[in-house]
Amino acid sequence: AIWLKGRSVSRFLPAVEPEMATWKIEEAFNAFGNAHGEVSAHEISPLLSMLGLDSDSVFQLMDAWQRQKGDSSTMQDFLDWLAADVHSPKTMQAANEALLSMESAAAEPEIPDSTSKELISTAIDSKAHSSTSATSEVQSTATALAVEAPLDVETLTSKGVSVQQLLEFYQRHCREGLIRKGTSTTEVIKKVVVPQTTESHCCYMDSAFMQERGGGQRATRFVSHACKSEFLQTVLSILLDATNWQLSVLIDHTEENNYQAYVMDGLLNAKRLLKTMDDEQLSKTYWLSIFADSEPANVERKAYDEVVLCMEALVVALDGMLSSIKRMGTAAEVATAAQSMPVLFRQSSRLSGSLGLQLMRGGDLLETVAKNEASSSLEKERVLSKLQSLDGGIEAYDTFVSCLLHLQFGDCSKLGTLRGFAGAAVRRLSNLVSDFSWNPSLRAVPEELDQLSKNLPHLTSLALNFNGCRHLSDIGALACLGELACLNNLRLDFRECEQLSDISILGCLAKVTSLT
């Protein structure tokens with residue numbers, strides 16, 4: 001048995017011959033580009049998960065290793081540490097097979113088993129110089145793991161969470177001290193989701209807490225988010241989507257919230273929202289990976305394209321650092337959704353530091369998707385290949401994402417530059433909240449606003465926030481609003497626009513007969 005701080009994990013890890021263990025794992029890493037000899041918790045975690053180690057145990061192992069060894073060490077260090085104080089080291093028989101299968105499955109997901117065997121055999125023969133019997137053993141195990149089991153899409157889509165369930169979840173675990181100011185989604189997984197689902201081996205929507213509140217719901221919107229972001233930011237993005245409120249309603253003291261923000265000292269007043277929001281808003285359902293997947297620790301390594309296709313819209317939860325849209329996983333989800341449904345950016349906090357300065361200077365807020373963060377080189381290659389296959393390729397994707405992002409801040413200039421799939425994708429937008437308040441020196445509504453009527457013909461809901469633009473005096477560009485024939489909900493916020501005296505141009509709205 002292998003023991004770590006009194007906890008036995010031997011039941012998860014099958015034994016191998018001691019003399020075979022070290023070189024097999026090391027050679028497998030070397031064979032696939034890890035010849036520097038170092039491995040990190042980031043690399044080891046998915047390997048352990050594929051071996052059958054449950055999420056809770058992976059967390060405990062990685063936490064203990066990082067405390068003692070730091071984030072990066074050699075494979076030999078890891079093996080020695082794992083088997084410390086054991087007379088007959090029992091390590092991981094399938095470690096190299098799992099690694100090989102991960103590479104094979106990601107690189108060639110649809111190749112037949114016989115071809116997988118041949119590829120794996122060639123890699124091991126050329127890099128590890130294994131014996132005939134050892135190679136045969138590796139082939140047998142690796143082939144069984146080479147092609148990942150397909151997602152049970154129907155089951156997954158039934159594991160959505162309603163806004164009411166989400167708020168009750170936040171309220172309960174905030175009260176228990178498990179969610180605090182600054183708590184990341186990763187910490188929520190570790191401290192709440194995993195402990196409450198380990199014994200039952202289920203997703204969180206099947207946990208006792210959620211079952212008491214109706215369990216999984218049929219999800220209608222997919223939430224793309226970053227686990228390293230504050231959990232609060234993801235919750236706020238969902239609330240903004242469910243209500244179509246401006247961000248200021250949640251985080252500032254405004255007339256709409258009776259001059260008492262819903263977010264105070266970094267925490268959300270979920271109890272108050274449960275009383276304020278109407279039944280329609282509270283009943284809206286969202287697909288959140290950490291609640292819907294039974295392996296919450298691995299959600300950022302998985303591809304959920306098939307689940308996205310079952311939704312009505314994709315919601316991208318954006319924090320002040322734009323963390324989610326800088327992920328390769330999110331890029332894949334955006335690319336999938338953009339072919340058939342609206343892609344909605346929900347900015348849950350004001351832009352941070354340098355990004356705010358970049359916006360003020362009129363520069364782009366994002367670099368090319370080719371620089372996005374990936375969980376592995378294989379994920380990066382897979383996603384970039386997917387994007388390149390789109391009409392217009394990576395360049396069209398970059399322009400599309402940049403356009404959606406800048407629309408959040410009143411910049412419509414990029415609407416006229418869309419190419420390839422992006423033009424049709426942006427035309428699917430039916431609601432938009434655009435914030436100009438970040439620019440208090442604004443004197444005139446930008447002429448580029450007329451791009452809305454030219455490129456968003458199906459827009460039904462529009463909110464333009466000029467609150468605090470004290471120098472704004474010219475709103476002539478708003479004449480274009482009269483051309484939005486489908487518009488039935490319009491909000492214009494001119495509070496504290498001290499220089500604005502002539503609003504006669506808004507007479508153009510008489511042409512929009514659908515306005516309620």
Side-chain angles (χ1 to χ4, degrees), residues 54-56 59-60 156 158-221 223 225-243 245 249-251 257 260-297 299 315 317 319 346 348-349:
D54 65 54
S55 301
D56 187 34
F59 271 127
Q60 292 191 39
L156 284 172
S158 70
K159 304 302 181 184
V161 61
S162 70
V163 174
Q164 179 163 338
Q165 289 172 320
L166 181 62
L167 288 173
E168 290 180 2
F169 171 88
Y170 187 95
Q171 180 184 14
R172 164 71 69 83
H173 296 97
C174 186
R175 185 170 64 240
E176 293 178 352
L178 296 173
I179 296 178
R180 302 179 180 181
K181 179 180 180 179
T183 297
S184 68
T185 300
T186 297
E187 291 176 292
V188 170
I189 295 172
K190 181 177 178 180
K191 296 178 180 179
V192 181
V193 177
V194 169
Q196 294 184 27
T197 56
T198 296
E199 290 187 7
S200 54
H201 302 288
C202 65
C203 72
Y204 194 76
M205 292 312 300
D206 289 335
S207 68
F209 179 88
M210 284 301 184
Q211 286 299 307
E212 292 172 0
R213 291 158 178 79
Q217 310 291 309
R218 176 61 174 85
T220 60
R221 298 198 170 197
V223 181
H225 62 105
C227 286
K228 69 180 182 181
S229 297
E230 282 188 47
F231 182 65
L232 172 62
Q233 302 302 323
T234 300
V235 174
L236 292 181
S237 291
I238 292 173
L239 292 175
L240 291 171
D241 185 78
T243 60
W245 289 348
V249 176
L250 291 172
I251 66 174
N257 58 33
Q260 184 178 359
Y262 289 103
V263 178
M264 300 282 285
D265 298 323
L267 292 174
L268 178 68
N269 190 334
K271 181 178 181 179
R272 183 171 161 230
L273 278 167
L274 285 166
K275 295 179 179 179
T276 303
M277 296 173 66
D278 61 39
D279 290 342
E280 181 182 357
Q281 294 166 339
L282 290 172
S283 64
K284 290 185 177 180
T285 56
Y286 294 82
W287 199 87
L288 194 56
S289 59
I290 68 167
F291 286 169
D293 197 304
S294 59
E295 298 179 335
V299 293
V315 175
D319 63 10
R346 300 303 188 193
S348 60
S349 67

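The chain is numbered in sequence order, starting from 1. Worth saying up front: this structure is predicted, and the values here are computed from it rather than measured.
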Practice task
Check for a donor-acceptor pair, side chain of Q217 on one end and backbone N or O of S158 on the other, with a separation under 3.5 Å.
Solution key: no

Exercise for the section: With the side chain counted from C-beta on, respond yes when K271 and N269 share a heavy-atom pair under 4.5 Å apart, and no when they do not. Expected result: yes

Exercise for the section: State, yes or no, whether a side-chain contact exists between L167 and L282 at a heavy-atom distance under 4.5 Å. Expected result: yes

Practice task
Report the distance from atom CZ of F231 to atom NZ of K191, rounding to the nearest 0.5 Å.
Solution key: 13.0 Å

Exercise for the section: Might you work through the side chain to side chain contact (heavy atoms under 4.5 Å, CB included) test for F291 and M210, ending with a clear yes or no? Expected result: CA-CA 10 Å; F291 286 169; M210 284 301 184; 4.2 Å; yes

Practice task
Check whether any side-chain heavy atom of L166 lies under 4.5 Å from a side-chain heavy atom of Y286, and answer yes or no.
Solution key: no

Practice task
Determine whether more than 12 heavy atoms belonging to other residues, nucleotides or ligands lie under 6.0 Å from atom CG of D279.
Solution key: no

Practice task
Let me see the working for V315 and I238 under side chain to side chain contact (heavy atoms under 4.5 Å, CB included), right down to the final yes or no.
Solution key: CA-CA 8 Å; V315 175; I238 292 173; 5.6 Å; no

Completion exercise
Distance col, row L239:CG vs Q281:CD, nearest 0.5 angstrom, shows 9.5 Å

Handout entry: salt bridge (charged side-chain N to carboxylate O under 4.0 Å, His left out) assessment of D206 paired with K159
Key = CA-CA 8 Å; D206 289 335; K159 304 302 181 184; 3.0 Å; yes

Exercise for the section: Flag the pair Y204 / L288 as yes when at least one side-chain heavy-atom distance between them is below 4.5 Å, and no otherwise. Expected result: no

Handout entry: Side-chain (Y170) to main-chain (A270) donor-acceptor, under 3.5 angstrom
Key = no

Problem - Main-chain N/O of E230 paired with Q233 side-chain donor or acceptor, under 3.5 Å - result: no

Handout entry: Min side-chain heavy-atom separation V192-F209 under 4.5 Å
Key = no

Practice task
Report yes if the side chains of C202 and T197 come closer than 4.5 Å at any heavy-atom pair, otherwise no.
Solution key: yes

Problem - Side-chain donor/acceptor of S348 to backbone N/O of L236, under 3.5 Å - result: no

Problem - Short side-chain to backbone donor-acceptor contact, S184 and K228, under 3.5 Å - result: no

Practice task
Quick one: pull up NZ in K181 and CG in L232 and give me the separation to the nearest 0.5 Å.
Solution key: 11.0 Å

Handout entry: Short side-chain to backbone donor-acceptor contact, R180 and G177, under 3.5 Å
Key = yes

Problem - Main-chain N/O of C227 paired with T186 side-chain donor or acceptor, under 3.5 Å - result: yes

Practice task
Locate the shortest heavy-atom distance separating M277 from V163; write the atom from each residue and the value.
Solution key: CE-CG1, 3.7 Å

Problem - For A317 against V223, the heavy-atom pair lying closest together - result: CB-CG1, 4.4 Å

Handout entry: Gap separating the CZ atom of R213 from the CE atom of M205, nearest 0.5 angstrom
Key = 10.5 Å

Practice task
Would you mind reporting whether L274 and E168 have side-chain heavy atoms less than 4.5 Å apart?
Solution key: yes

Problem - Enclosure of E176 CD (heavy-atom neighbours >12, cutoff 6.0 Å) - result: yes

Handout entry: V188 vs T183 side-chain heavy atoms within contact, under 4.5 Å
Key = yes

Problem - Side-chain (N257) to main-chain (Q260) donor-acceptor, under 3.5 angstrom - result: yes

Practice task
Could you tell me the separation between the CG atom of D278 and the OG atom of S283, rounded to the nearest 0.5 Å?
Solution key: 8.0 Å

Exercise for the section: Check I189 against P195 and note the closest heavy-atom contact, atom names and distance. Expected result: O-CD, 4.0 Å

Problem - Nearest-0.5 Å distance that lies between atom CD1 in I179 and atom CZ in R172 - result: 11.5 Å

Fill in the blank from the handout: Looking only at heavy atoms, the pair that brings Q196 and S207 closest together is O-CB, 4.1 Å

Practice task
For the residue pair W245 and Y262, categorise the inter-ring angle as parallel (less than 30°), tilted (30 to 60°) or perpendicular (more than 60°).
Solution key: parallel

